[in-house]
Amino acid sequence: MSALLKVKDLNAGYEFTKFKTWAVRNVSFELSQGEFLGIAGESGCGKSTLAFGVIRLLMPPGKIFSGSIEFNGIDLMKVDDESLRKMRWKEFSMVFQASMNVLNPVLKVRTQIYNSIKYHVNMTESELDKRAKELLNLVNVSSKYLDAYPHQLSGGMKQRVVIAMALALNPKLIIMDEPTTALDVVVQRRILQEVDELRKKLGFAIIFITHDLSLLVEISDSLAIMYAGQIIEKAPSEKLYAKQMHPYTYGLMHSFPPLVGKRQKLHGIAGRPPDLSEDIKGCPFYPRCEKRISGVCDVENPKLVEIESDHFVACHLYDGK
Amino acid sequence: MQVKKGTNTKSVIEVKDLVKEFRMGSLGRTRVVHAINGIDFEIGEKEVLGLVGESGSGKTTVARVIVRLYEPTSGKILLNGQETPLRMKHKELVSYRKHVQMIFQDPFSSLNPLHSVGYGLTRPLKIHRIVEKDKIKSKVLETLEEAGLIPPQQIYDKFPYELSGGQRQRVGIARAIAVQPQLILADEPTSMLDVSIRLDIMNQMLELKEKEGVSYLFITHDLAGAHYMSDRIAIMYAGHLVEIGPSDDVINDPKHPYTQLLKRAAPKPESGLEPEKVDVGGEVPDLTNLPPGCPFEPRCPFAKAECKERLPEMVKIDDGHFTRCILYKNSSK
């Protein structure tokens, strides 16, 4: 499979008059067509900034400082605003965290779906109607809700409508930023299953962002773990599930109490993530790491290297292996 | 119907047929929200009862009614075997809350931003006259340290905005344990925190349970977290308890179809990479317009005609394990 998205040495963050926050630091990754990439990390680790950054949605004070983004062979850093607007929805779309607030409360669902399509393609009223019904069917919402206002829908249905809109123009990539965090577990699981089925049917790629690692392991093809603006480990889900190389990933994976089986005591990760507005010397995880090597880890920031096939880790523990 | 606790210690709090209704809307068009529809449970000494349910199931209302932020509509609440009045006067409330404290869900809005941590912890000690005046500060420092806020001298003078989410929640815990209560109602204390910090907070709470001999009602929507924390788990749906029993029994062998659904829907990476399919649709029913029968009937894969007609009785499955479903018969065990 050819790469759909290539991100190289991306640095992004927020620029204020007095200081800068480096929320994304030297991030590089590739995404194939139809791939399901999960990005997990704690709040403030830069995962949303990365998602907004790769489709150039960052608004001031947010800014991409440096790096390159190549989407389907097009250098996104060089595309002007107007063509970028045309690409959005058609080439890539986004589902936001609080989708409940994405829908306009005074417009019917129908109007909102029409609007997102009409900007990009010419369709007659009857074609629009047909497409809107198709879309709602895709996400298992009855088409009678086309003439409903958002407040008449439940949280799960609103989220489904937003996903339907993101699918409207058959984009090649959908970025989902914690789309199910505000939903109940049962509804969340249903929506994820549906999204994954749609992906297999329609062949779009997904970048799925969440803080809930246990959710991601089950559904995504590959997983990237972010800490303090960097990707510190990336591997196919099953590899990462079987073996976590970075101490942070290990800690994160073992921070979830198991659902079944006997109750036993677990230990979390002590401390808290570093302040991203400051310069970090050495490995950002150094102060919290149980396996730190002083004199090495606090001096040089490890690079993300391939330790085993497809398993990338940024940690000095694997130096020289 | 008597739902006995698993352990043989005496009960700290006992709730009998508790009902809470909210009236909404203007005159002539009032609607009644049936938030809690007659629930029974007890919590023993040094016991943790996990209360699990989706949003809108009424679990937060249970905690708020017990701590008397809301007045119960009907039912009984017994503290140490003594019945407490449904409507309390201010004085009664103060002495009641000496025994029953609460930890809130949102550590970002439950601390007063204008007061320092020290001030916030001094107040309960003064109101409940826990220690002599000249010993208040040392007691506050001691409590802060117990809650894992180190060094306490520095934290004492800080304001909430200077603290991280995890630290704020620890302040919330410190405030609750400061008056040495018997029962702490913890309303999703970890849901707003980062995953790597959640476990620390849960461990801290368990440690305090051992040290201070306090009991918890641990409210959560996370089945795995409830299993980790609690001795017994109660599952709530649309204002009803649908299942209650020892943690291991409820998790490993759930009886009620709703509990089974929750278990299937919960992420469980340890069971491998093949997620179970969830094929139950629908959402929690409208609490202003509850069906007369089992509230789960519209979504239940095993629903029969009689489920529509009346609410099933609580059925005993095993010692201390009860469920409200027609699929089961009382066991003689």
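By convention in this document, chain letters (A, B, ...) are assigned in the order of the sequence lines, proteins followed by strands, and residues within each chain are numbered from 1.
- Across every non-hydrogen atom of B/A224 and A/P257, the tightest pair is CB-O, 3.4 Å.
- Residues of residues 198-213 of chain B placed with any heavy atom under 4.5 Å of a heavy atom in chain A are listed by number as B/R198, B/L199, B/D200, B/M202, B/N203.
- Residues meeting the ring pair (Phe, Tyr, Trp, His ring centres under 6.0 Å) test with A/Y248, sequence neighbours left out: A/Y227, A/F285.
- Using a 4.5 Å cut-off between heavy atoms, B/S191 makes no contact with chain A at all.
- Shown here are the ring pair (Phe, Tyr, Trp, His ring centres under 6.0 Å) partners of A/Y250, two or more places apart in sequence or in another chain: A/H254.
- Contact annotation for B/D231: both backbone and side-chain heavy atoms come within less than 4.5 Å of a heavy atom of chain A.
- Residues meeting the side chain to side chain contact (heavy atoms under 4.5 Å, CB included) test with B/S57, sequence neighbours left out: B/K59, B/M236.
- To the nearest 0.5 Å, atoms CG (B/L261) and CZ (A/R189) are separated by 10.5 Å.
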